[in-house]
Amino acid sequence: AKECYSGINKIELALVSMNVKVRPSEDNELHVYLENGREKSKYLQESISGDSYYAREIVDKNHKKGSALKGLGFIFLMGISCEEDQTLVVEVPSRLNSLKIKTMSGDLKLQEVWSKALTLETMSGDIEQNQIYAEEAILKTASGDIQLRDGKGKDAVLQTTSGDISWREGNVEEAQITTISGDVDFMGSKASRLKIKTTSGEVELRNSEMDRRGRELIAKTKSVSGDCDVYGRIHYDGTPDPTRHIVGYFSTISGDIEIR
């Protein structure tokens, strides 16, 4: 039988190379186990404090990635090193107050998760989400890609350095998307207030697929050498009315902006 943790509504994982799959549990309790069935105590140190669950990946002090650990702000116990990639399965209750996962090279995949606060951070790993709700979501990668489908909530912050960002069929009140060289594809999603900033990446927003509900697009664009192609109102002197307007802020240095 899978080990069960009752009464948990806050989860925090600090990992190095483990991949993570987060999905709903069948009994509304927390279950954490390795996908290959191995004993997780060799690779993971766990602790519980009240309604909070914490887990840290155990790494060898001579691990080649050790020099980069401080950059992520992690504290790791020294022990056995993972010689091969492991996948950690985390089955969560239907409602969480907080879910925070930080990893270096592992991929993060979330399916049908509800969390009031959601924080996902990777260096080279990818982030993939499907059917997620979070009132406040922060997703950050260095070179990894971020893919969201049917993500809902209030405030969302997405940041990458060179990774691409793709958001399909989302619905949030405010979204801030920032990348250096990655491309941004915001298609079929809804946001009352949207800010997208890139240095050399391209931005594509197919606004016609957003549920405007009769509202007018107010797009404020800024570019140094890139092209801006926007269908909708560019300038607006008054104060936007959320019942009448969708407001978007888009800036790039050398990348192109296309909004439809």
Side-chain angles (χ1 to χ4, degrees), residues 19-23 99 101-103 105-115 118-134 136-212 217 219 221 223 226-232 246-260:
N19 301 315
V20 182
K21 293 181 179 179
V22 184
R23 60 196 183 205
L99 174 60
I101 306 176
K102 295 185 178 181
T103 181
S105 60
D107 295 332
L108 308 181
K109 294 185 178 181
L110 286 77
Q111 174 78 27
E112 298 180 29
V113 174
W114 193 105
S115 180
L118 175 65
T119 302
L120 305 175
E121 297 185 21
T122 77
M123 289 185 66
S124 60
D126 297 331
I127 296 176
E128 182 179 334
Q129 292 188 157
N130 190 17
Q131 294 181 306
I132 304 299
Y133 177 88
E136 297 181 1
I138 300 175
L139 281 62
K140 297 181 180 180
T141 76
S143 60
D145 296 333
I146 298 177
Q147 297 183 30
L148 285 76
R149 188 175 183 88
D150 194 15
K152 296 180 174 64
K154 292 185 177 180
D155 299 327
V157 176
L158 282 62
Q159 297 180 1
T160 75
T161 301
S162 59
D164 296 333
I165 298 175
S166 174
W167 193 344
R168 308 287 180 92
E169 302 174 18
N171 189 345
V172 294
E173 293 182 10
E174 181 170 351
Q176 299 181 42
I177 302 175
T178 306
T179 179
I180 302 298
S181 60
D183 296 334
V184 178
D185 182 359
F186 193 80
M187 189 173 76
S189 296
K190 311 166 191 175
S192 297
R193 190 176 179 89
L194 175 63
K195 294 182 180 180
I196 299 179
K197 183 177 182 180
T198 177
T199 300
S200 61
E202 297 183 353
V203 177
E204 182 175 2
L205 171 62
R206 301 185 189 180
N207 194 62
S208 61
E209 298 186 25
M210 296 174 70
D211 184 9
R212 295 197 191 189
L217 169 66
T221 63
S223 176
D227 295 328
C228 297
D229 182 6
V230 182
Y231 178 79
I246 297 175
V247 183
Y249 300 86
F250 311 95
S251 65
T252 179
I253 293 180
S254 61
D256 298 332
I257 298 174
E258 181 180 353
I259 301 175
R260 281 288 181 266

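None of the values given here were measured: they were computed from a predicted structure.
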Chemist: So how far is it from Gln129 CD to Lys109 NZ, rounded to the nearest 0.5 Å?
Modeler: 13.0 Å
Chemist: Which value, rounded to the nearest 0.5 Å, describes the distance between Ile165 atom CD1 and Thr141 atom OG1?
Modeler: 7.0 Å
Chemist: Quick one about Ser181 and Ser162 (side-chain donor to acceptor, distance below 3.5 Å, no hydrogens or angles considered), yes or no?
Modeler: no
Chemist: In chain order, what residues pass the side chain to side chain contact (heavy atoms under 4.5 Å, CB included) check against Glu112, with sequence neighbours excluded?
Modeler: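 Testing Glu112 for side chain to side chain contact (heavy atoms under 4.5 Å, CB included), a comparison that skips the adjacent residues, returns Pro24, Gln131.
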Chemist: Determine whether a donor-acceptor pair (N or O, by modelled atom type, separation under 3.5 Å) exists between the side chain of Asn19 and the backbone of Asp107.
Modeler: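 Pair found, side chain donor or acceptor close to backbone of Asp107.
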Chemist: Quick one: pull up CE in Met123 and NZ in Lys102 and give me the separation to the nearest 0.5 Å.
Modeler: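 Reported to 0.5 Å precision, the distance equals 12.5 Å.
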Chemist: Of Ile180, Ile177, Ile146, Thr178, which is the lone residue that meets side-chain contact (heavy atoms from CB on, under 4.5 Å) with Thr160?
Modeler: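 Of the listed residues Ile180, Ile177, Ile146, Thr178, the side-chain contact (heavy atoms from CB on, under 4.5 Å) partner of Thr160 is Ile146.
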Chemist: If you measure from CD on Glu128 to CG on Leu108, what distance do you get to the nearest 0.5 Å?
Modeler: 10.5 Å
Chemist: So, do Thr179 and Val184 sit near enough that their side-chain heavy atoms are less than 4.5 Å apart?
Modeler: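 Touching, per the 4.5 Å side-chain cut-off.
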Chemist: With side chains defined as the heavy atoms from C-beta onward, is the minimum distance between Ile127 and Leu158 less than 4.5 Å?
Modeler: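 With C-beta onward as the side chain, the pair stays apart.
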Chemist: Quick one: CG on Leu118 to CG on Leu139, what's the gap to the nearest 0.5 Å?
Modeler: 6.0 Å
Chemist: Any idea which heavy atoms bring Ala156 and Trp167 closest together, and the distance?
Modeler: CB-CH2, 3.7 Å
Chemist: What pairs meet the side chain to side chain donor-acceptor pair (under 3.5 Å) rule with one or both residues in residues 145-156, with sequence neighbours excluded?
Modeler: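 Every pair satisfying side chain to side chain donor-acceptor pair (under 3.5 Å) with a residue in residues 145-156: Arg149-Glu169, Asp150-Lys152.
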Chemist: Taking atom CZ of Arg168 and atom CG of Asn130, what is their separation to the nearest 0.5 Å?
Modeler: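 With rounding to 0.5 Å, CZ (Arg168) is 12.5 Å from CG (Asn130).
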